[in-house]
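Notes for the one structure printed next.
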Amino acid sequence: MLAIGNPFLIGQTVTAGIVGGLHRSNIGIEAQEDFIQTDAAIYPGNSGGALVNLRGELVGINTAFIGASNSNPGVGFAIPANMARNIVDQILEFGEVRRGGAKAGR
């Protein structure tokens with residue numbers, strides 16, 4: 001995996017890592033959690049950047065980093081791309097995110 005972002009506003013950077021787990025929850029970041037865990041460094045400023053596989057396909061949106069004083073070693077988390085796409089679709093269709101009853105199949 002490659003995490004792309006602009007940490008500390010120093011310019012575009014890319015960090016590499018592996019996926020350590022899927023469907024991570026109970027992290028305490030959001031009410032509804034289903035994160036991709038990666039050891040690719042997601043420093044402050046990388047949030048919102050792309051998490052891509054080695055084929056260049058978007059797999060997630062960098063969201064958070066947990067580590068001692070925001071430094072490596074640590075664990076990065078990304079929102080899965082399919083979850084982000086669902087949120088975008090809801091905003092475009094309804095003007096808001098509707099949880100639990102937006103449409104069948106969501």
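Note: hydrogens, waters and symmetry copies are ignored here, and every other heavy atom, side chains too, is used.
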- Task: Flag the pair Phe77 / Ile42 as yes when at least one side-chain heavy-atom distance between them is below 4.5 Å, and no otherwise.
- Result: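 No - every pair of side-chain heavy atoms lies 4.5 Å or more apart.
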- Task: Would you sort out whether Leu51 and Ile36 count as a side-chain contact (heavy atoms from CB on, under 4.5 Å), showing the intermediate values?
- Result: CA-CA 10 Å; Leu51 182 68; Ile36 299 168; 4.1 Å; yes
Can you name the closest pair of heavy atoms from [X] and [Y] and give their distance?
X: Ile79; Y: Thr63; answer: CG1-OG1, 3.2 Å
X: Val97; Y: Ile87; answer: CG2-CG2, 3.7 Å
X: Ala50; Y: Asn62; answer: O-ND2, 3.3 Å

Show the atom names and distances, to 0.1 Å, of all donor-acceptor pairs under 3.5 Å that link a side chain in residues 6-22 to residues at least two apart or in another chain.
residue	atom	partner	partner atom	Å
Asn6	OD1	Ile10	N	3.3
Asn6	OD1	Gly11	N	2.8
Thr15	OG1	Ala41	N	3.4
Thr15	OG1	Ala41	O	2.8

- Item | Of all pairs that satisfy salt bridge (charged side-chain N to carboxylate O under 4.0 Å, His left out), the ones with a partner from residues 76-87, not counting sequence neighbours |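 Those involving residues 76-87 are Arg85-Asp89.
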- Query: With hydrophobic residues grouped by side-chain heavy-atom distances under 4.5 Å, do Phe94 and Leu92 end up in a single group?
  - Reply: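 In one cluster with Phe94: Leu92, no.
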- Message: Does anything in residues 48-59 form a side-chain hydrogen bond (donor to acceptor under 3.5 Å, both in side chains)? List the pairs, not counting sequence neighbours.
- Response: Asn53-Glu57, Arg55-Glu57
- When rounded to the nearest 0.5 Å, the distance separating CE of Met1 from CG of Asp39 is 11.0 Å
- Task: Measure the spacing between CD1 of Ile91 and CG of Asn86 and express it to the nearest 0.5 Å.
- Result: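 These two atoms lie 10.0 Å from each other.
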